[in-house]
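Residue numbers start from 1 in every chain, and the chains themselves are labelled A, B, ... in the order their sequence lines are given, proteins ahead of strands. From a predicted model like this one, the values you see are computed outputs, not experimental measurements.
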Amino acid sequence: MRIVTWNINSVRLRLPLLQRLVEDLDPDVVLLQETKVQDPQFPLKDIAKLGLTHSAIRGMKSYNGVAILSKHPLTDPDGHDWVGRDDARHVLATLPNGVEIHSLYVPAGGDEPDPAVNDKFRHKLDFVSEMTDWFPRARDPKAPILLAGDLNIAPLESDVWSHKQLLKVVSHTPVETEGLARAQEAFGWIDAMRAHTPAPERLYTWWSYRAKDWRAADRGRRLDHVWLSPGLEGTLRAMRVIEDARGWEKPSDHAPVVVDLDL
DNA sequence: ATGGTCGGTTGCCGA
């Protein structure tokens, strides 16, 4: 089974790029983040033409928004609002093979990495903390669960272009990377991208729009992740970051990540 | 040290 996750940064603007991605990769399931559209306006009919006829979506006006798009039927769609905000950052659904899929968009956290003065950073830390507690309470790690999306944290030194220069930059500060490590440990999540491509090999999924030549500068960060529950241990067959998609016409600033699981 | 670019029921805000 092939699963793709992508922060698309507006699903309506980039529908042609989604079409190209689906034609190129023929995925069973696509997870999206930053769809930036309310549910009634989500382009489900166009996406069904690509063969992704089943969906679980949670959107809002202008900001955030997550989706699960699938060739196969989806049951028990749901979503959670951590930190008590109804802001469309999480959706989940179950595939016919029993695998539960979660699409997640963690708050970016603003510019100032100090929760005392920056409410966006406080929100990010609280969101990760509540999510950390939720999974062991609500789910059995032995169950087959995949969690993927834009976690907005690059945890390892080789997940960023310069560990030293980014230590005080939101996405790579110790309080964030330690929080993400706790979330991973609390449920026993397997970091599928790093299981396939171990550190210290360079592995990025995001390059700023502000660089004049993103490919040459290669100042990337691994903000997008695919996590597997212990119940899915041993199923990972392949993983690839579709870096070329960052160079397509009118690109998202995130590249898609594809995993193949033996299910 | 600074400013750089995107998207959205836009003229700022969030990323």
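One interatomic measurement links the two molecules: NE2 of H254(A) to P of dG7(B), which rounds to 13 Å at whole-angstrom precision. The separation between R12(A) atom CZ and dT10(B) atom C1' is 13 Å, rounded to whole Å. Counting to the nearest Å, the P atom of dG8(B) and the CD atom of E34(A) are 10 Å from each other. Atom CZ of R219(A) is separated from atom P of dG4(B) by 16 Å (rounded to the nearest Å). Put simply, CZ on F121(A) is 15 Å from C1' on dA15(B), counting in whole angstrom units. The separation between N7(A) atom CG and dG7(B) atom C1' is 12 Å, rounded to whole Å. Rounded to whole Å, the distance from CD1 on I8(A) to P on dC6(B) is 17 Å. Atom P of nucleotide dG7(B) and atom CG of D150(A) are separated by 16 Å, given to the nearest angstrom.
Of the C1' atoms belonging to dG11(B) and dC6(B), the separation is 16 Å, rounded to the nearest Å. Here, dT9(B) and dG14(B) have their P atoms 15 Å apart, quoted to the whole Å. Comparing the same atom, C1', in dT10(B) and in dA15(B) gives a spacing of 15 Å after rounding to whole Å.
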* Would you sketch DNA chain B in dot-bracket for me? Only Watson-Crick or G-U wobble pairs with both distances under 3.5 Å count, crossing pairs as [ ], other-strand pairs as |, the rest as dots. => ....((((...))))
Result block: side-chain N/O donor-acceptor pairs under 3.5 angstrom for residues 39-50 of chain A, not counting sequence neighbours:
from, atom 1, to, atom 2, distance (Å)
D39(A), OD1, G59(A), N, 2.8

Which atom pairs, one a donor and one an acceptor, fall under 3.5 Å between side chains of residues 153-160 of chain A and the rest of the protein, sequence neighbours left out?
from, atom 1, to, atom 2, distance (Å)
S158(A), OG, R194(A), NH2, 3.1
D159(A), OD1, R194(A), NE, 3.2
D159(A), OD1, R194(A), NH2, 2.7
D159(A), OD1, R222(A), NE, 2.8
D159(A), OD2, L156(A), N, 2.7
D159(A), OD2, R222(A), NE, 3.4
D159(A), OD2, R222(A), NH2, 3.1

Using distance only, find each side-chain donor-acceptor pair of residues 73-83 of chain A under 3.5 Å and give its atom names and separation, not counting sequence neighbours.
from, atom 1, to, atom 2, distance (Å)
T75(A), OG1, T94(A), O, 3.4
D81(A), OD1, R58(A), NH2, 3.0
D81(A), OD2, R58(A), NH2, 3.4

Could you list the donor-acceptor pairs under 3.5 angstrom formed by side chains in residues 137-144 of chain A, with sequence neighbours left out?
from, atom 1, to, atom 2, distance (Å)
R139(A), NE, E100(A), OE1, 2.7
R139(A), NE, E100(A), OE2, 3.2
R139(A), NH2, E100(A), OE2, 3.3
D140(A), OD1, K142(A), N, 2.9

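The side chain of R14(A) places an N or O atom within less than 4.0 Å of a non-bridging phosphate oxygen (OP1 or OP2) of dG7(B).
For CD of E249(A), the number of neighbouring non-hydrogen atoms (other residues, nucleotides, ligands) closer than 6.0 Å is 12 at most.
A residue-by-residue look at G110(A) and M60(A) shows that M60(A) has its nearest nucleotide of DNA chain B further toward the 5' end. With DNA chain B read from its 5' end, the first of the two nearest nucleotides for Y209(A) and S62(A) is the one closest to Y209(A).
Remark: the T5(A) side chain and the Q33(A) side chain contain an N/O donor-acceptor pair separated by less than 3.5 Å. A donor atom on one side chain and an acceptor atom on the other are not found under 3.5 Å apart for R182(A) and T132(A).
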Detail all sub-3.5 Å separations between protein N/O atoms and N/O atoms belonging to nucleotides 11-14 of chain B.
from, atom 1, to, atom 2, distance (Å)
dG14(B), OP2, K120(A), NZ, 3.4

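Residues passing the side chain to side chain donor-acceptor pair (under 3.5 Å) test with E243(A) are R202(A), sequence neighbours excluded.
Screening residues 64-73 of chain A for salt bridge (charged side-chain N to carboxylate O under 4.0 Å, His left out) gives D26(A)-K71(A) as the qualifying pairs, with residues at least two apart or on separate chains. Every pair passing salt bridge (charged side-chain N to carboxylate O under 4.0 Å, His left out) that includes a residue from residues 171-180 of chain A is listed here, sequence neighbours excluded: K124(A)-E176(A).
Q41(A) comes within 4.0 angstrom of nothing in the nucleic acid, heavy atoms only.
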